[in-house]
Amino acid sequence: MKVTLVSRSGREFLKGDIELSDSATVADLQQKIHKRTQKYYPSRQRLTLPVKPGPKEKPVVLHYKKSLKDYTDGNSDNLTVVFKDLGPQVYYRTLFFFEYLGPLIIYPLFYYFPQVYNLLGYTGERVIHPVQTYAMYYWSFHYFKRIVETFFVHRFSHATSPLSNVFRNSAYYWAFAAYISYKVNHPLYTPVGELQMKIGFGFGLLCQVANLYCHILLRNLRTTNGVKGYQIPRGFLFNYITCANYTTEILQWIGFNIATQLVAGYVFVAVGCCFMTNWALAKHRRLNKLFDGKEGRPKYPRRWILLPPLL
Ligand SMILES: NC(=O)c1ccc[n+]([C@@H]2O[C@H](COP(=O)([O-])OP(=O)(O)OC[C@H]3O[C@@H](n4cnc5c(N)ncnc54)[C@H](OP(=O)(O)O)[C@@H]3O)[C@@H](O)[C@H]2O)c1
């Protein structure tokens, strides 16, 4: 069969058609494109069918495992495919690793090198409050846990993400790590009472363990009988909340904030909450759509989305 590759504007993208066997898959086509262009490796390619005229028509994305024949109108030996360059890609694990490595390194710097405050004009002897030490361990444990989960727990459905996300997401995490650590370890920081500190860190640690358990439950959704894709999360808090992993994530930051009591920490949790609310709404919608109770599909149970009793 012959495949004509065009750009989104409809112009010929590669000179001449690509010849493939009748049993070729989309992955075979991607390999051929890579071989011809050298530059566009498969995960950089987004291949779609040309959009049919109509206001609400969305492009059909070609799945790498499917046969090209599945996208022709039955007996056609020619197929026109629209090519889009997704830009340089990195593995999801690489993206998450760099996001979380920054906070793991940056936060302790302000704790271990208080000279930075002298450079900024603060004089006098430094007194380390217990809450500052515990906060440093709590923070480091959290990001260490995230890195471990990235490599040993999560089963991502998307292999890669655009390289630009590494810089954008890292800027977010690294900047907040510096901002919060700077404030918590500041010589003029005023600690909260011992009881409040213990309640905050104790509650936060419980939520971190609950968050790990939520991630293990999500992981197990994709192990049983080689099942892939999205399943209905069940068990523990997932029986009541769609994104229980985000709920426990938010609660563990609230625990950290109860113990450290700083505006910087509350700003961080508020910004994180905005992102997670958007993602949780999208995940809830997707699960309701996938599991609509029609044609033998299970019906997604009634659940809170993120933060009962508000959402
Ligand atoms: N503080 C913050 O601002 C912040 C922000 C974001 C994340 N986080 C933390 O990082 C963790 C990971 O974030 P994330 O956004 O990647 O979480 P996520 O989308 O909820 O997913 C975690 C893993 O579970 C999989 N998964 C989710 N729902 C599933 C379902 N219904 N069926 C099968 N698999 C499913 C995901 O697969 P896919 O690859 O298919 O999505 C992913 O591999 C969060 O839980 C949170 O602890 C924190």
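Whatever order the structure lists them in is the order used to number ligands and atoms, beginning at 1. The first residue of the sequence shown is numbered 1, and numbering continues consecutively from there.
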Taking the side chain from [X] and the backbone from [Y], do they hold a donor-acceptor pair closer than 3.5 Å?
{"X": "N118", "Y": "Y122", "result": "yes"}
{"X": "Y189", "Y": "T260", "result": "yes"}
{"X": "T72", "Y": "L79", "result": "no"}
{"X": "Q132", "Y": "V184", "result": "yes"}
{"X": "R8", "Y": "F83", "result": "no"}
{"X": "H63", "Y": "K65", "result": "yes"}
{"X": "H158", "Y": "T160", "result": "no"}
{"X": "R146", "Y": "Y100", "result": "no"}
{"X": "T247", "Y": "C243", "result": "yes"}

Hey, is [X] touching ligand 1 through its side chain, its backbone, both or neither, going by heavy atoms under 4.0 Å?
{"X": "T248", "answer": "neither"}
{"X": "F291", "answer": "neither"}
{"X": "E149", "answer": "neither"}

Report the nearest protein non-hydrogen atom to [atom]: residue, atom name, distance rounded to 0.1 Å.
{"atom": "atom 31 (N) of ligand 1", "result": "Q231 O, 2.8 Å"}
{"atom": "atom 39 (O) of ligand 1", "result": "S157 N, 2.9 Å"}
{"atom": "atom 28 (N) of ligand 1", "result": "L218 CD2, 3.8 Å"}
{"atom": "atom 2 (C) of ligand 1", "result": "M276 CE, 3.5 Å"}
{"atom": "atom 48 (C) of ligand 1", "result": "R146 NH2, 3.1 Å"}

When you measure from [atom] to each heavy atom in [options], which option holds the nearest one?
{"atom": "atom 33 (C) of ligand 1", "options": "A282, A280, G229, C274", "answer": "G229"}
{"atom": "atom 3 (O) of ligand 1", "options": "F156, Y172, F176, Y246", "answer": "Y172"}
{"atom": "atom 9 (C) of ligand 1", "options": "H142, R222, H158, E249", "answer": "E249"}
{"atom": "atom 29 (C) of ligand 1", "options": "Y300, F275, Y230, W279", "answer": "Y230"}

Within a distance under 4.0 Å of any heavy atom of [X], pick out the atoms of ligand 1 and give their elements.
{"X": "L221", "value": "30 (C), 32 (N), 33 (C)"}
{"X": "H154", "value": "12 (C), 22 (C), 23 (C), 43 (O)"}
{"X": "R155", "value": "37 (O), 43 (O)"}
{"X": "Y173", "value": "2 (C), 3 (O), 4 (C), 5 (C), 6 (C), 48 (C)"}
{"X": "K283", "value": "18 (P), 19 (O), 20 (O)"}
{"X": "G272", "value": "3 (O)"}
{"X": "Y100", "value": "10 (O)"}

TODO: Check whether the side chains of Q89 and Y41 place a donor and an acceptor atom closer than 3.5 Å, and report yes or no.
DONE: no
Task: Donor-acceptor pair between H215 and R219 side chains, under 3.5 angstrom - done: no
Task: Residue-ligand contact W253/ligand 1, heavy atom below 4.0 Å - done: yes
Open item on the list: Taking the ring of F156 and the ring of Y91, is the distance between their centroids below 6.0 Å?
Closed with: no
Open item on the list: Using ring centroids (six-membered ring only for Trp), state whether Y107 and W139 fall under 6.0 Å.
Closed with: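 Between Y107 and W139, which both carry aromatic rings, the centre distance is below 6.0 Å.
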Open item on the list: So for ligand 1, is H215 a polar contact partner (N or O within less than 3.5 Å, distance only)?
Closed with: yes
Open item on the list: Any nitrogen or oxygen of N245 lying under 3.5 Å from a nitrogen or oxygen in ligand 1? Just yes or no.
Closed with: yes
